[in-house]
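In what follows, a structure is listed as structure tokens, so that the remarks can point back to it.
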Amino acid sequence: MERYQPRTTVNRRSLLRAGGAGALAFGALASLAGCGIPPAGRPEGALGASEDRSAHERTLAFSSWTEYIDTGADGTSRPTLDDFRRSTGVAVTYTEDINDNVEFFGKVGKQLAAGQDIGRDLICVTDWMAGRMIRLGWARRLDAAHLPNAYANLAPGFRAPDWDPGRVHSYPWTGIPAVIAYNRKATGGRKVDSVSQLLDDPRLKGRVGLLSEMRDTVGLTLLDMGTRPEAVTTEEYDAAVTRLRRARDRGQIRRFTGNDYTGDLNKGDIAACIAWAGDLVQLQADNSDIQYAIPDAGYMLSSDNLLVPSTARHQRNAERLIDYYYQPKVAARLAAAINYVSPVAGLRDELAKIDKKLAENSLIIPSEAMLAKAHAFRSLTAAEEKAFEAAFSELTGA
């Protein structure tokens with residue numbers, strides 16, 4: 001059995017800029033709009049995409065995030081990609097060059113708008129950015145006939161995103177729950193399981209961490225206020241931001257962070273916070289005082305998603321790779337390595353062969369009861385995104 005290397009603290013989410021995500025999104029998207037990026041996609045096929053070369057070029061260029069795939073004992077090999085090459089004959093050039101959704105959008109946007117090859121056949125971006133690229137016409141329709149495993153094994157909770165109905169253009173790589181975490185030693189043994197406690201409990205004053213990812217922090221606050229993020233109005237959003245601002249002004253919140261909250265939570269400088277599940281699996285392995293809670297009001301579940309860019313030259317090879325990772329045995333190897341929620345149904349037995357504790361961990365394979373509490377932030381119009389991010393940037397000081 002191959003050995004799975006534990007993830008370092010520099011993982012997929014650590015590369016979101018702490019405190020700066022909102023400002024970056026607002027500024028970069030506005031800048032792109034001013035540079036001639038079209039506000040809406042052209043009809044599919046109008047970009048002059050190259051003929052698919054997969055039949056005679058057994059290669060594939062895949063761009064993703066740092067520490068987001070299994071790594072061999074040597075620290076450099078990627079066993080599942082190696083097995084894919086051996087089974088299909090397709091060699092994958094895997095590049096960890098996505099550090100931030102908006103930064104990546106800025107890197108490739110002008111080329112895609114002009115129908116120019118970006119040198120990538122498969123990319124992995126977060127749901128809201130995936131939706132934006134689909135709307136712009138920058139993602140290929142996938143051929144369902146080439147995706148039998150993906151179609152059959154996609155978990156029910158991931159099947160119907162509002163930004164890609166029917167999963168016509170995308171398949172999820174991982175799910176990313178945002179929940180509440182706390183250091184039991186720092187809270188004096190008290191459980192923290194609601195946003196109300198985070199924002200209002202005087203015993204936590206100055207020791208609360210919130211995420212700089214707007215959809216997670218505001219989404220959880222909306223749920224705590226009895227509002228569904230799937231249908232949030234501008235007035236409801238503003239009310240949630242106002243509530244967060246009042247907590248900030250009272251000194252309740254220590255800071256807004258990317259996943260650099262992990263060190264402070266581990267030490268107890270942050271007593272409780274909003275956290276990403278993939279980080280908590282790793283923290284709990286080293287510190288039994290780290291606990292998590294799913295609020296009764298629900299939690300936020302986002303996803304990172306595989307897209308084939310509109311100018312890709314090897315779509316069929318990309319579809320082979322997507323379908324390969326939807327085999328439960330392969331999905332289990334990936335989940336064991338990166339510790340995020342797997343979107344692949346039926347992998348529990350395979351994951352148990354690797355690590356029984358991971359197979360029982362609801363942060364990797366959520367129970368039906370946990371999935372029933374999952375919520376997603378609705379897709380925003382360009383105007384809403386600009387306004388929402390501006391308000392959140394003012395809140396966080398980004």
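Numbering starts at 1 and runs along the sequence shown.
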Could you list the residues that satisfy ring pair (Phe, Tyr, Trp, His ring centres under 6.0 Å) with Tyr326, not counting sequence neighbours? Tyr171
Would you say the side chains of Tyr68 and Thr174 form a donor-acceptor pair under 3.5 Å? yes
Are any of the side-chain nitrogens in Glu57 or Arg316 under 4.0 Å away from the carboxylate oxygens of its partner? no
Has Ser87 got a side-chain atom pairing as donor or acceptor with Phe84's backbone, closer than 3.5 angstrom? yes
Any pair counted as side-chain hydrogen bond (donor to acceptor under 3.5 Å, both in side chains), so long as it reaches residues 263-275, sequence neighbours left out: Arg255-Asp264, Asn266-Asn287
Looking at Arg86 and Asp83, is any side-chain nitrogen of the basic one under 4.0 Å from a carboxylate oxygen of the acidic one? yes
Can you say whether the rings of Phe392 and Phe256 are parallel (under 30°), tilted (30 to 60°) or perpendicular (over 60°)? perpendicular
Among Leu81, Val330, Thr88, Val90, which residue meets the side-chain contact (heavy atoms from CB on, under 4.5 Å) test with Tyr324? Val330
Check the pair Asp200, Arg243 against salt bridge (Lys or Arg N to Asp or Glu O under 4.0 Å), reporting the backbone distance first and the verdict last. CA-CA 10 Å; Asp200 301 326; Arg243 185 182 182 198; 3.5 Å; yes
What I'd like to find out is whether the side chain of Trp65 reaches to under 4.5 Å of the side chain of Phe104, using heavy atoms alone. no
A side-chain contact here means heavy atoms from C-beta on lying under 4.5 Å apart; do Ile365 and Ser342 qualify? no
Pairs in or reaching into residues 178-190: which pass salt bridge (charged side-chain N to carboxylate O under 4.0 Å, His left out), with residues at least two apart or in two chains? Arg184-Asp289
For Asp201, salt bridge (charged side-chain N to carboxylate O under 4.0 Å, His left out) partners two or more places apart: Arg203
Trp173 and Tyr325: aromatic ring centres closer than 6.0 Å? yes
Side chains of Phe377 and Ser302: does their closest heavy-atom pair fall under 4.5 Å? no
Which residue pairs satisfy the side-chain hydrogen bond (donor to acceptor under 3.5 Å, both in side chains) criterion with at least one member in residues 150-163, sequence neighbours excluded? Asp162-Ser379
With sequence neighbours excluded, tell me which residues meet side-chain hydrogen bond (donor to acceptor under 3.5 Å, both in side chains) with Glu394. Arg245
